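For reference, the structure is listed below as C-alpha cells.
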Amino acid sequence: QVQLVESGGGLVQAGGSLRLSCAASGRTSSRYTMTWFRQAPGKEGEFAAAITWSDGRTYYEASVKGRFTISRDNAKNTVHLQMNNLKPEDTAVYFCAARPVLIASTRPNEYDYWGQGTQVTVSS
C-alpha cells in the first residue's frame, strides 16, 4: 500500500502562484508515476501533470503547460506542483495519484493510489 497526502492548496488571486505537495509513504518505489489530477465543480476529473520517479520525465496537459511545473524530491518522497499565473478556470480540487508503471496515463481509473485532495480557488 502507498499513502499519499496533499498539501498547499488555498485561495489566491488570478495571476498568483501556489505550490502543492504530495508526500508519499508506505511501499513506495522508483518505478511509480506520480500524477496530479484536478476536478472542478460539476465537471469530471482531468489530468494536469505527471512525473516518473525514476528519471523525472514530465507530462503536462495543454492548458497548464508553461504555467505549472511538476517536480520530485526523491529524498523526501514528495512530489510538488508549482502553479504560476493561476487563472479562475484552475479552480478545482487537486488530487495526487500514483501508479506502478513508468508511463503516465490521463485516465484516473488507471491509478491505484489517491490522496484526499486539496482545494485550489483562484479569484478573478
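Source: prediction; values computed, not measured.
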Hits for side chain to side chain donor-acceptor pair (under 3.5 Å) against Thr33, two or more places apart or cross-chain, chain-then-number order -> none

Heavy atoms of Thr35 and Ala50 approach each other most closely as OG1-CB, 3.2 Å

For Gln116 and Val5 the tightest heavy-atom approach is OE1-CA, 3.8 Å

Are [X] and [Y] packed together at the side-chain level, in the sense that at least one heavy-atom pair is separated by less than 4.5 angstrom?
X	Y	value
Arg38	Val64	yes
Phe47	Tyr59	yes
Leu102	Tyr32	no
Leu81	Thr69	no

Contacts of Tyr111 meeting ring-ring contact (aromatic ring centres under 6.0 Å, His included) (sequence neighbours excluded), chain-then-number -> Phe37

With sequence neighbours left out, the residues meeting ring-ring contact (aromatic ring centres under 6.0 Å, His included) with Trp53 are none

Give the C-alpha distance, both sets of side-chain angles, the deciding distance and a yes or no for side-chain contact (heavy atoms from CB on, under 4.5 Å) between Glu61 and Phe68. CA-CA 10 Å; Glu61 194 270 331; Phe68 291 10; over 6 Å; no

Point-to-point distance, once rounded to the nearest 0.5 Å, from [atom1] of [X] to [atom2] of [Y]:
X	Y	atom1	atom2	result
Asn77	Met34	CG	CE	8.5 Å
Ser124	Gln13	OG	CD	9.5 Å
Trp36	Met83	CH2	CE	8.0 Å

The remaining residues in the hydrophobic cluster of Val101, counting side-chain heavy-atom contacts under 4.5 Å among Ile, Leu, Val, Met, Phe, Trp and Tyr, are Ile103

Taking only residues two or more places apart in sequence or in another chain, which ones pass side-chain contact (heavy atoms from CB on, under 4.5 Å) with [X]?
X	answer
Ala40	Lys43, Ala92
Val122	Val12, Ala14, Leu86, Pro88, Asp90, Thr91, Val120
Lys76	Asp73, Thr78

I'd like to know if the side chain of [X] and the backbone of [Y] have a donor-acceptor N/O pair within less than 3.5 Å.
X	Y	answer
Glu6	Leu20	no
Thr118	Gly9	yes
Arg67	Asn85	yes

With sequence neighbours excluded, tell me which residues meet salt bridge (Lys or Arg N to Asp or Glu O under 4.0 Å) with [X].
X	answer
Arg72	none
Glu110	Arg99, Arg107
Arg57	Asp55

Linking I/L/V/M/F/W/Y whenever their side-chain heavy atoms sit closer than 4.5 Å, directly or via other members, would Val2 and Trp114 fall into one cluster?
no

Here the ring pair (Phe, Tyr, Trp, His ring centres under 6.0 Å) pairs for residues 73-108, sequence neighbours left out, are none

The complete set of disulfide (SG to SG under 2.5 Å) pairs with one or both residues in residues 12-106, sequence neighbours excluded, reads Cys22-Cys96

Would Ser17 and Gln82 count as a side-chain contact (heavy atoms from CB on, under 4.5 Å) here? Give the steps. CA-CA 7 Å; Ser17 298; Gln82 178 65 44; 3.9 Å; yes

